[in-house]
There are 4 protein chains.
Amino acid sequence: MKKNKPKYMQIIDAAVVAIAENGYHQAQVSKIARQAGVADGTIYLYFKNKEDILISLFQEKMGYFVENIEEKIAGKETAAEKLLMLVETHLTLLSEDRHLAIVTQLELRQSNKDLRLKINEVLKGYLTMIDRIILEGIEKNEFISTLDIRLARQMIFGTIDETVTSWVMNEQKFDLPALAKPIHQLLINGCGYRQPVM
Amino acid sequence: MKKNKPKYMQIIDAAVVAIAENGYHQAQVSKIARQAGVADGTIYLYFKNKEDILISLFQEKMGYFVENIEEKIAGKETAAEKLLMLVETHLTLLSEDRHLAIVTQLELRQSNKDLRLKINEVLKGYLTMIDRIILEGIEKNEFISTLDIRLARQMIFGTIDETVTSWVMNEQKFDLPALAKPIHQLLINGCGYRQPVM
Amino acid sequence: MKKNKPKYMQIIDAAVVAIAENGYHQAQVSKIARQAGVADGTIYLYFKNKEDILISLFQEKMGYFVENIEEKIAGKETAAEKLLMLVETHLTLLSEDRHLAIVTQLELRQSNKDLRLKINEVLKGYLTMIDRIILEGIEKNEFISTLDIRLARQMIFGTIDETVTSWVMNEQKFDLPALAKPIHQLLINGCGYRQPVM
Amino acid sequence: MKKNKPKYMQIIDAAVVAIAENGYHQAQVSKIARQAGVADGTIYLYFKNKEDILISLFQEKMGYFVENIEEKIAGKETAAEKLLMLVETHLTLLSEDRHLAIVTQLELRQSNKDLRLKINEVLKGYLTMIDRIILEGIEKNEFISTLDIRLARQMIFGTIDETVTSWVMNEQKFDLPALAKPIHQLLINGCGYRQPVM
DNA sequence: CATGAATGAGCTTTCATTCAT
DNA sequence: AATGAATGAAAGCTCATTCAT
């Protein structure tokens, strides 16, 4: 599709708002179009069908997410620092975009199995980034050498995800980024953190 | 509703099978009725509406879950042992009922926000049980005294949940209960586990 | 489908009227339902989809057609007499049901190729009946022995069909059954008719 | 419209190909435009609307048809010879242009009643030509004096048309022009042909 | 208690046509 | 003359729920 045309992002952003405000099943194409300020038919000049809007939405936002985190952890020395940066950025980005948080944590999970499998495909880029940090931590002797990477990754992602979902469900009543440090502490403890040997 | 009549559980069990085999959105009331061996209209003698079947389903299964775990941890001395029991039982019960695992990990999450809020209400009993173990761990000096109970609970539940989901999505190809011990290790590490002072 | 239930024929008859009065593309399912005095959804208890209504319509009407003609020609001695009976009955039945004539001659031909192929399948029963008459005519020495059955059948069906279509298109202004005899004369001449040897 | 501009015929020819290859309902204006190598909007500089393309298509092709036949029968002496020429030319022209045959015999008949009435208007020129031949045959004593011209015309056109349709539907598997002579024989028999008196 | 035939609201997508450039 | 991006109306089908028997 024509991803460089301005209307492409305009429609995706409209979809985020429409879904967040109306719920997944109540965000009809006509509502997304109205929110984007275009005609219903225009949607189909940029997206194959409704599902394509949602996959593209997730791809664009997740891509932005991964890029952003990659940049931020590039300058960090240790795996523990990188993990902190990742947790912080994850929580900050979502706390700054309520609509997006609602969509990713609640609404998009109502999609059918097919769509969820495609979303998981996109998620893999993010999970791979976590895996690299864990591996580095093991190699640099920060984490316990017997650490199961897959399990550690599930703990890290599961904990962050559960926390954000809980924040969204509680109507964003608490300060999400403030949880980055204590969560990070839990996670590196879980990974058997020890001060790197100087 | 008439929960002690045999058809009540008959319909709930039929719903689990119908949803697991057809997917949430393809499990029409008529399919559940056929699976249960009753007429469509009969469903409405036992449940207010379709959503009520799903909430009741979750309540019944989660109640059995909590009861089962409560029993098993009753005899355990330490919080760490109790946590191991909880992880083990959680993984074992779901690995023994494929249909139920598919329904709770994948299909029921496609429900709308309203239904999920109600399901979360039911889930609270389980989360409270986790909270009690964490608190006991802090009091008995097994876990670090500064541990944030809510975060620790989210780590514990998030990690287990993420692992089970991953097992279901991978078509149950690996031995789920075998992961209880390593997951437990991660979690008590995360909680800053130390040997209880004798 | 449940062909013996009264609503089955009720819907088919409503479809004939709705299509004749509104045209093929303007005969929406909702219009057919309204004409039949049932809800839109009820249609789908008796027919798989809209196309299925049209095929069934054609099957029922054509079945009635063939039966009716078969009965009438059963008592006739010669092929020429049988052919006259066929032409007469064909013209009479359609002239007695204006709606049906409009549907078969004009509206149903607007259907897509798929549907038309299925309709042709149904039509075969009728064409076979013509073939049997021609064959009998040849065997009884009424028709010329070199007669090409396929061509003769196309002449017979083509001529009748063209005449009925012309009658429908001229808004049924002339007396259709009155044309049976002269058409019959044309057709048996075309077949090289000669008085059967006594 | 601007019929002498080259793009006029270019679009008509594109429509024949697009309809033959995609079917009437799948031959969208944008497909015709692409086939013609022009922009969608350009179509509307030469035709009022989509229906206008189809009527013009039929007019142009039918005009060529009639001209061609008129020329060929000009030199013939008897009505029987003229009729043979007409049948032969009709079958030959269509057998030489598969796309056009598909369009006129199958696809254009899917159009709505309005369009078909307009097409019939155009067809009248051809039918009049047939009428003239029949009349001549009666006057020259070749055909039976009691012959009903309208019926004879319907027999002639209906038989040819039915044959061509059958050829198209059978994917042009047999030699269509070869049928001219036997069809002609059927038709003049039908008209009560007798050798003209010398 | 149980049935199951009937209901009818609701939504994605297509495509002929327009019009600013 | 030519373009092609944008428009927006229109319809078949599903399925949770009801209610007469």
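Every chain is numbered from 1 and lettered A, B, ... according to where its sequence line falls, protein lines coming before strand lines.
Where D:K50 and A:D40 each meet DNA chain E at their nearest nucleotide, the meeting point lying more 5' is that of A:D40. Between C:G41 and D:I43, the residue whose closest nucleotide on DNA chain F is further toward the 5' end is D:I43. Mapped onto DNA chain E by nearest heavy atom, B:A39 and A:E51 fall at different nucleotides, with B:A39 at the one closer to the 5' end.
Across every non-hydrogen atom of D:T104 and D:R109, the tightest pair is O-NE, 3.0 Å. Of all non-hydrogen atoms in C:Q10 and C:A36, the two that sit nearest each other are NE2-O, 2.8 Å. Nearest approach of A:S30 to A:D40, heavy atoms of both residues: CB-OD2, 3.4 Å. Closest heavy-atom contact between D:I19 and D:L54: CD1-CD2, 3.4 Å. For the pair C:F47 and C:I11, the tightest heavy-atom approach, listed with the atom from each and the gap, is CE1-CG2, 3.5 Å.
As a whole-Å value, the separation of A:Q10 CD from F:dA5 C1' is 13 Å. Taking atom CD1 of residue B:I53 and atom P of nucleotide F:dC15, one finds them 15 Å apart after rounding to whole Å.
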Check the pair C:E21 / C:K31 against salt bridge (charged side-chain N to carboxylate O under 4.0 Å, His left out), numbers first and verdict last. CA-CA 11 Å; C:E21 292 189 345; C:K31 257 183 201 152; over 6 Å; no
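Considering only the side chain of C:N49, F:dC13 comes nearest among E:dG4, F:dC13, E:dA16. Here E:dA16 is the nucleotide among E:dT7, E:dA16, E:dT13 with the atom lying nearest to any side-chain atom of D:Y44. Of the listed nucleotides (F:dT7, F:dA16, E:dT17), F:dT7 has the atom at the smallest distance from the side chain of A:T42. Of the candidates F:dA1, E:dT12, E:dA6, F:dA1 carries the atom nearest the D:L45 side chain, counting heavy atoms from C-beta on. With E:dT13, E:dA6, E:dA16 as the candidates, the nucleotide lying closest to the side chain of C:Y46 is E:dA6. The side chain of D:V38 lies closest to F:dT3, out of F:dT3, F:dG12, E:dA16.
The aromatic rings of B:Y126 and B:F65 sit perpendicular, their planes meeting at an angle over 60°, well past the 30° parallel limit.
Of the side-chain N and O atoms in D:K7, none sit less than 4.0 angstrom from OP1 or OP2 of F:dA1.
Across all strands shown, F:dA1 has no partner, as no Watson-Crick or G-U wobble contact with both distances under 3.5 Å is found.
Listed by residue number, the members of residues 12-35 of chain B with any heavy atom below 4.0 angstrom from DNA chain E form an empty set.
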